[in-house]
S.K.: 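Pasting a structure below so you can have a look.
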Protein chains: 2
Amino acid sequence: MVKYKEVANEIRKRIKNGSYPLEERMPDQTSLAKEFHTSRVTIKKALDLLTVAGLVYTIQGSGTYIKQNALQLAESSIRIGQNVGLTAQVDERMHLENKTIKFDVRFPTEEECEQLLLKKEDPVYEIERLRILNKQPYSLEHSILPLSLVPGVTKDVLQKSMYDYIRNELGIVFGENRQTIRAAQPDELDKEFLQCGENEPVLEVTKVMFTSSGTPLEFSKVRHRFDMVEMSFVNLNTEIY
Amino acid sequence: MVKYKEVANEIRKRIKNGSYPLEERMPDQTSLAKEFHTSRVTIKKALDLLTVAGLVYTIQGSGTYIKQNALQLAESSIRIGQNVGLTAQVDERMHLENKTIKFDVRFPTEEECEQLLLKKEDPVYEIERLRILNKQPYSLEHSILPLSLVPGVTKDVLQKSMYDYIRNELGIVFGENRQTIRAAQPDELDKEFLQCGENEPVLEVTKVMFTSSGTPLEFSKVRHRFDMVEMSFVNLNTEIY
DNA sequence: TAGTGGTCTAGACCACCCT
DNA sequence: GGGTGGTCTAGACCACTAA
């Protein structure tokens, strides 16, 4: 473990247990550098981490302060990003299932070529899967992946986790993804597989997943039952440049 | 302008105009430090900015590489975060309106106390506004703000921009916000004001906005017409600690 | 083993807040 | 004007990749 992360963790613990009171000024960076037997630059790096994590904020010329809502975030590991959650409480007694409706290989459509930076002749997998919780279907997922990047997909892979396969078997590291969210009226597939009534909408999430090197890996449209899935995320107010 | 941002901008220009080819290795940090007459630490800071912006990625021991999808992001100013967009193209000929349906002061509900960290006796504004594009209503926004933090709100303020008022008149700096997104069936208000039919759903966004010091500032629920609004965002795959 | 990025230091100067 | 955070340097050592 590198030093600035260790310092950040220690300070986080102190915020959590109240050594540094909420909404008050922390010791200045020079004092912290002395206390942790390190340089001020390292302290600054640690505080930058905590700033991004939403625990503290700094005012140049004034000091470093604990955020009022810091305690809610002071738990151990922090991950920035969105979170797709089931509205229903999921525990051990519940049964999550995964049913493959379609598994095909074909040439991509124009939209798919554009999103995945493919040529018309580059074959893709087309996969349609249904997610089921306690015999109640809640999401219908339509995925397109280029064969060139993700070879060797089988029904067995789909039954387990495709992302695990891509990560562990193919050794591909995921990067960012871009999503668009809409509400939509149910179409024929939704009515059939998600058992949507005429007035029961779906939450449609369109996503392009990239590898760490920026190559588009997957283009997917997921349609969620409106009464079983919601998405939540923290939006940091970070501007760059 | 500080040096590391200048360096980052210059490198971004080079990526954009093709001086550094996509998917190839960039010059190493020591060379860049020499070229820009600066230290390696400063180069590293510049590359960190570009990494967060999604333009490059580094592999320790190997080098710094341009992402394949970098060009889409190489435009001038970059902002991380979500984006609520109107599906319809908006240009000068279009007319955006803002109609206040309700403007009240009252004591908060239990949920509002919890979300805004208030006591039962702390009065709040309750505001309901309708957003209209070309005489077509597209969003219905319900906001709760504590009087103690945001005093002096008037109908005139609501008619213009409440966020401008908070930022410019009150001098409050915004921080992060937390959002939850759902699809929902239209309720009576949606039918009346958004002119939703029985099977026209809404996209419901619940948001808590915080100040830079972490104090909850606003608790809002916005309901958008499904055929006029969508939300999109980039999800960086960043883990901290 | 050579080359590259990641971290760290001690000291310096500047920008900004506050009184 | 004193105190604080933001930036920057030159040099060092370590961790990792790739041949």
Side-chain angles (χ1 to χ4, degrees), chain A residues 1-11 15 20 23-67 171-173 175 211-214 238-241, chain B residues 1-11 15 20 23-67 171-173 175 211-214 238-241:
Chain A
M1 182 72 105
V2 292
K3 206 156 184 176
Y4 71 91
K5 290 187 184 177
E6 276 173 2
V7 173
N9 274 317
E10 172 58 27
I11 294 177
I15 292 172
Y20 296 146
E23 197 70 0
E24 285 212 4
R25 199 168 67 172
M26 287 191 19
D28 68 273
Q29 294 180 359
T30 313
S31 315
L32 289 171
K34 259 182 206 154
E35 189 203 328
F36 285 105
H37 303 290
T38 182
S39 69
R40 225 192 94 204
V41 176
T42 301
I43 297 294
K44 174 66 163 57
K45 264 185 108 167
L47 293 177
D48 282 348
L49 271 192
L50 296 172
T51 302
V52 173
L55 293 181
V56 307
Y57 63 103
T58 58
I59 299 177
Q60 185 174 128
S62 173
T64 303
Y65 301 84
I66 316 292
K67 281 200 187 184
I172 292 175
V173 179
T211 67
S212 61
S213 68
T238 336
E239 258 177 277
I240 306 186
Y241 306 115
Chain B
M1 180 73 104
V2 293
K3 206 155 182 177
Y4 71 91
K5 290 186 183 179
E6 277 173 2
V7 173
N9 274 317
E10 171 59 27
I11 294 177
I15 292 172
Y20 296 146
E23 197 67 2
E24 284 211 6
R25 198 167 70 173
M26 285 189 22
D28 67 274
Q29 294 180 358
T30 313
S31 313
L32 288 171
K34 260 184 208 156
E35 189 203 326
F36 285 103
H37 302 290
T38 182
S39 69
R40 225 192 92 204
V41 177
T42 301
I43 296 295
K44 173 68 163 57
K45 265 185 108 166
L47 293 176
D48 282 348
L49 272 193
L50 296 172
T51 303
V52 172
L55 293 181
V56 306
Y57 63 103
T58 57
I59 300 176
Q60 186 174 109
S62 173
T64 303
Y65 301 83
I66 316 292
K67 281 202 188 182
I172 292 176
V173 179
T211 69
S212 61
S213 68
T238 337
E239 259 176 277
I240 305 186
Y241 306 117

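The analysis underlying the following values was restricted to heavy atoms, covering all of them including side chains, and did not include hydrogens, waters or symmetry mates. All values derive from a computational prediction rather than experimental measurement. Labels below follow one simple rule: chain letters A, B, ... track the order of the sequence lines, proteins then strands, and each chain is numbered from 1.
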S.K.: Within the structure, does a side-chain N or O atom of A:Gln29 lie under 4.0 Å from either OP1 or OP2 of D:dG6?
M.R.: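 For D:dG6, OP1/OP2 do have a side-chain N/O of A:Gln29 under 4.0 Å.
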S.K.: Distance check needed: C:dG6 P versus B:Ile59 CD1, whole Å only.
M.R.: 10 Å
S.K.: B:Glu6 has an atom CD; how far is it from atom C1' of D:dC8, in whole Å?
M.R.: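 In whole Å, D:dC8 C1' lies 13 Å from B:Glu6 CD.
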S.K.: What is the separation between atom CG on A:Leu32 and atom P on D:dT4, rounded to the nearest whole Å?
M.R.: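 Nearest whole value for this atom pair: 11 Å.
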S.K.: Nearest to the side chain of B:Lys3 - D:dC16, D:dT9, C:dT7?
M.R.: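 Of all the options, the side chain of B:Lys3 is nearest to D:dT9.
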S.K.: DNA chain C: B:Ser62 or A:Tyr65, which has the more 5' nearest nucleotide?
M.R.: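 Upstream on the strand: B:Ser62.
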S.K.: Looking across every strand, which nucleic acid part, if any, lies under 4.0 Å from B:Val2 by heavy atom: base, sugar-phosphate, or nothing?
M.R.: sugar-phosphate
S.K.: Side chain of B:Thr42 only, please: which of D:dT7, D:dT9, D:dT17 is the nearest?
M.R.: D:dT9
S.K.: Closer than 4.0 Å, any side-chain N/O of A:Lys44 to the OP1 or OP2 of D:dG5?
M.R.: no
S.K.: Which of these nucleotides, C:dG6, C:dT7, D:dG6, is closest to any side-chain atom of A:Lys45?
M.R.: C:dT7
S.K.: Starting at CE of B:Met1 and ending at C1' of D:dT7, how long is that distance when rounded to a whole Å?
M.R.: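 For the pair B:Met1 CE and D:dT7 C1', the rounded distance is 14 Å.
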S.K.: Would you say C:dG6 has OP1 or OP2 under 4.0 Å from some side-chain N or O of B:Thr58?
M.R.: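 So the side chain of B:Thr58 is within the cut-off, an N or O lying under 4.0 Å from OP1 or OP2 of C:dG6.
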S.K.: Taking 4.0 Å as the cut-off, does a side-chain nitrogen or oxygen of A:Ser39 come that near to OP1 or OP2 on C:dT9?
M.R.: yes
S.K.: With the side chain of A:Arg40 defined as its heavy atoms from C-beta on, choose the nearest nucleotide among D:dG6, C:dG6, D:dT17.
M.R.: D:dG6
S.K.: Could a donor-acceptor pair under 3.5 angstrom be found where the side chain of A:Arg25 meets the base of D:dG3?
M.R.: no
S.K.: Could you state the atom-to-atom distance from CD of A:Gln60 to P of D:dT4 in whole Å?
M.R.: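 My rounded result for the distance is 14 Å.
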S.K.: Give the minimum heavy-atom separation between A:Glu23 and A:Lys67, together with the two atoms involved.
M.R.: OE1-C, 4.4 Å
S.K.: Could you pull out the closest heavy-atom pair between A:Leu32 and A:Tyr20, with the gap in Å?
M.R.: CD2-OH, 3.8 Å
S.K.: What's the shortest heavy-atom distance between A:Ala8 and A:Leu50, and which atoms?
M.R.: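 The pair with the smallest heavy-atom distance is O-CD2, 3.8 Å.
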S.K.: What is the distance from CG of A:Asp48 to C1' of C:dC8, rounded to the nearest Å?
M.R.: 15 Å
S.K.: Out of curiosity, A:Tyr65 OH to A:Glu24 CD, how far, rounded to the nearest 0.5 Å?
M.R.: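 Answer for the OH-CD pair, A:Tyr65 versus A:Glu24, is 10.5 Å.
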S.K.: Please classify the nucleic acid contact of B:Thr30 as base, sugar-phosphate, or nothing, using heavy-atom distances under 4.0 Å.
M.R.: nothing
S.K.: Looking only at the side chain of B:Tyr4 (C-beta and beyond, no hydrogens), which of the listed nucleotides D:dG6, D:dC8, C:dG5 gets closest?
M.R.: D:dC8
S.K.: For A:Tyr57 and A:Ile66, which heavy atoms make the closest approach, and how far apart are they?
M.R.: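 Shortest heavy-atom separation between A:Tyr57 and A:Ile66 comes out as CE2-O, 4.1 Å.
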S.K.: With nearest nucleotides of DNA chain C determined for B:Asp28 and A:Thr38 from heavy-atom distances, which residue corresponds to the more 5′ nucleotide?
M.R.: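 The answer here is B:Asp28.
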S.K.: For a quick check of understanding: with a heavy-atom distance under 4.0 Å over all strands, which category does B:Leu47 fall into, base, sugar-phosphate or nothing?
M.R.: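 Counting heavy atoms under 4.0 Å across all strands, no contact is made by B:Leu47.
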S.K.: In whole Å, I'd like the distance from the NZ atom of B:Lys5 to the C1' atom of C:dA15.
M.R.: 13 Å
S.K.: Can you measure A:Met26 atom CE to D:dG3 atom P for me and round it to whole angstrom units?
M.R.: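 Value for this atom pair: 19 Å.
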S.K.: Does C:dG5 have OP1 or OP2 under 4.0 Å away from a side-chain N or O of B:Thr64?
M.R.: yes
S.K.: Which one of B:Thr51, B:Asp48, B:Leu49, B:Ile11 satisfies the side-chain contact (heavy atoms from CB on, under 4.5 Å) criterion with B:Val56?
M.R.: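 The residue from B:Thr51, B:Asp48, B:Leu49, B:Ile11 that satisfies side-chain contact (heavy atoms from CB on, under 4.5 Å) with B:Val56 turns out to be B:Thr51.
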